[in-house]
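The chains referred to below are lettered A, B, ... by the order of the sequence lines, with proteins before strands, and numbering in each begins at 1. Any value given below was found using the heavy atoms of this structure, including those in side chains, with hydrogens, waters and symmetry copies removed.
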Amino acid sequence: MDPLMPSLPTLLVLRALEQDPAHGYRIVRWIDEQSAGVLTMKEGTLYPLLHLLERKGLMTGNWQKNGTERATRIYTLTNAGRHHLNQERQDWGRRAEIVRTVLSGEEVANGLV
Amino acid sequence: MDWYEFLEHVTDAISDNSEAAAVRRELHAHLNLLTQDLLQDGLSETEASQEAIRRMGSMTDLQAAFACSYGPAKEEHMDTPLEPERTIALQHRLLRLTWRSLATVVLGIVLLWGMAGQGVLVGTVPRLTQGGSLWSVLPSWLLIAPGLILALEAEHLTPRRRRDDDGSTMVTARQSTVSGRILFGELQSAGPLLWLCIGGAAVLSGLMPFWIAGSQGVPKLLWFPATMLPPSLLLHGILSARLVARRETRDWRALAISAQSTLAFALVNALTIGVCTLVGAESTLPRLGLAADSSGLGFYFLSLCPLVLTGTLLVSSVVAEIGLPLLPDPQTWQQSTWIPGRFMQAYSQHWRLLFSGFVTGVWLGVFPISIALSNTTLGFACNWLGGALAVASLVFGLSSSAIDQVKGLPKRRIFDVFFIILGGNVIGVLAGTVTAAEQFTWATQLDFGTLLLSWFLPFIALLFTLCAVSNRMAQRWQRRKHRHTESGTGKRVAASVAP
């Protein structure tokens with residue numbers, strides 16, 4: 001993991017799965033819709049990341065078939081994944097604030113980073 | 001571009017075939033969902049299909065992303081929980097000599113001993129061609145039987161492809177055979193099977209020269225494939241075992257498996273040679289027109305060859321494990337302007353395998369003829385030593401780092417390896433035939449059967465070709481069937497994805 005900033009793709013993927021399980025395509029669409037098209041998750045980033053997070057135990061993937069649709073691999077957040085998401089979310093918020101402060105030229109309070 | 005080709009290219013660089021299949025299947029589902037959305041946006045079916053691929057992004061970038069993530073060097077792989085069969089491998093089940101396998105080997109030896117004692121094995125019964133009994137032909141069939149049994153048993157080692165809604169159920173034999181990559185479905189049976197292969201291969205290899213003496217023409221053709229099959233399976237088993245152990249442990253276990261296998265092979269082979277020599281030597285040698293002189297001793301070198309082979313195999317295993325570079329760096333091929341060099345450039349990652357395959361092909365084409373023409377101890381010894389080195393070269397190529405690289409090869413390139421071997425073999429056959437033309441007589445040792453033996457490998461290559469073609473046709477047929485079936489329901493499926 002990036003020591004300076006939490007991984008944005010990881011954060012987004014975990015967030016996308018926070019409410020409901022979803023397959024890769026739905027995750028891409030969710031990020032696209034939530035960011036009003038500003039953030040785009042490419043498949044070459046998404047699927048290796050999904051499999052990596054699955055190997056780390058942050059989510060589980062299962063092939064499911066809904067009705068007449070073709071089977072898709074549905075990812076579900078695990079408890080460890082939720083815990084990790086909360087941690088990442090706090091880190092992101094804290095550091096994003098610091099970055100904003102640094103860019104605006106204000107003084108950063110000690111111990112925040 | 002077809003979805004099938006697209007997904008094949010994107011996952012080409014993923015070293016693990018099962019992971020590649022999983023990614024293909026997942027991306028295929030992704031493409032399907034994307035296409036459905038595009039169809040709802042008003043695009044035609046063809047446009048939606050192409051647009052879906054376009055939106056997936058650059059094929060090269062995707063390939064690089066997946067290669068980086070799923071490559072063997074990725075550390076995350078080391079953290080993944082072991083699959084059950086690999087866990088079993090780590091528990092040394094593969095090294096266990098069970099009572100069943102031991103009984104099989106011992107029973108086989110006893111049976112062969114008994115047959116040898118009756119004069120069946122070494123041709124003491126007059127040959128059929130000389131008006132003798134059918135017994136001279138039967139041993140050929142007896143040899144084919146264990147070969148077939150071993151082949152059927154080996155099927156238990158190959159992955160049983162799960163039928164799913166996305167792809168073909170065909171098992172690509174060439175993949176599992178060439179790359180040595182076998183997923184052990186029932187690894188508990190792999191230990192006994194491996195030992196069975198070793199025992200069968202050792203016995204039959206020891207018998208081979210005696211069989212040459214005892215048969216002629218068609219029988220000779222029959223026993224030869226049966227004789228070649230067990231050693232092939234032996235190498236198959238050893239390589240697979242090594243691969244399983246090596247991928248997960250990267251330590252001495254791989255070498256231990258190889259060493260135990262080769263030593264067991266040598267032991268059983270030596271026993272067979274001893275038995276056959278004691279029982280059948282007196283009647284066999286005159287049949288060949290050989291006296292108990294240097295020529296006769298040379299004949300026995302044929303039987304000793306497997307011992308040389310196992311020794312070489314063992315050395316090559318050690319060499320492969322410690323990774324000594326025996327051939328020039330692949331970079332030298334890449335810089336070459338020489339046409340073969342440029343050819344190798346395309347396969348620079350797999351140069352070792354190709355080189356080994358070529359040498360083996362040449363030798364297998366030459367050796368039956370050269371053996372037939374050699375009537376001195378030195379001649380026989382040189383032939384067999386050369387052959388042992390050639391086969392060991394192939395083993396080395398397969399079992400060293402090349403084996404990891406081969407797994408990343410696209411299927412069509414894996415198949416190309418067979419053409420390399422086949423090409424080398426044809427060169428060897430032609431060279432041997434031309435060289436031996438003056439001494440060729442149908443009545444002598446260099447008979448029609450001997451020449452046909454040279455073409456054994458092309459025959460195998462032909463089988464692989466047919467297998468590959470039928471496999472490809474089956475996949476296409478299945479894809480068409482998918483299209484046809486689902487076009488009736490308004491669904492769009494552009495390609496089936498082999499799992």
Evaluation steps, side-chain contact (heavy atoms from CB on, under 4.5 Å), between B:Val23 and A:Tyr47: CA-CA 8 Å; B:Val23 170; A:Tyr47 286 103; 5.6 Å; no

Decide yes or no on side-chain contact (heavy atoms from CB on, under 4.5 Å) for A:Val28 and B:His30, but give the supporting numbers first. CA-CA 10 Å; A:Val28 171; B:His30 186 103; 4.1 Å; yes

By side-chain contact (heavy atoms from CB on, under 4.5 Å) - contacts of A:Glu97 (at least two apart): A:Arg100, A:Thr101

Rounded to the nearest 0.5 Å, the CD atom of A:Glu43 sits from the CG atom of B:Leu34 at a distance of 7.5 Å

Take a 6.0 Å sphere around CG of B:Asp41 and say whether it holds more than 12 heavy atoms from other residues, nucleotides or ligands. yes

Determine whether B:Glu26 and A:His23 satisfy the following criterion, side-chain hydrogen bond (donor to acceptor under 3.5 Å, both in side chains), listing intermediate values before the conclusion. CA-CA 9 Å; B:Glu26 198 163 7; A:His23 48 68; over 6 Å; no

Interchain contact, B:Leu27 with chain A, by part (heavy-atom threshold 4.5 Å): side chain

Indicate whether any N or O donor in one side chain lies under 3.5 Å from an N or O acceptor in the other, for A:Tyr25 and B:Asp37. yes

Show me the pairs that pass salt bridge (Lys or Arg N to Asp or Glu O under 4.0 Å) and involve residues 8-19 of chain A, at least two apart or across chains. A:Arg15-A:Glu18, A:Glu18-A:Arg89

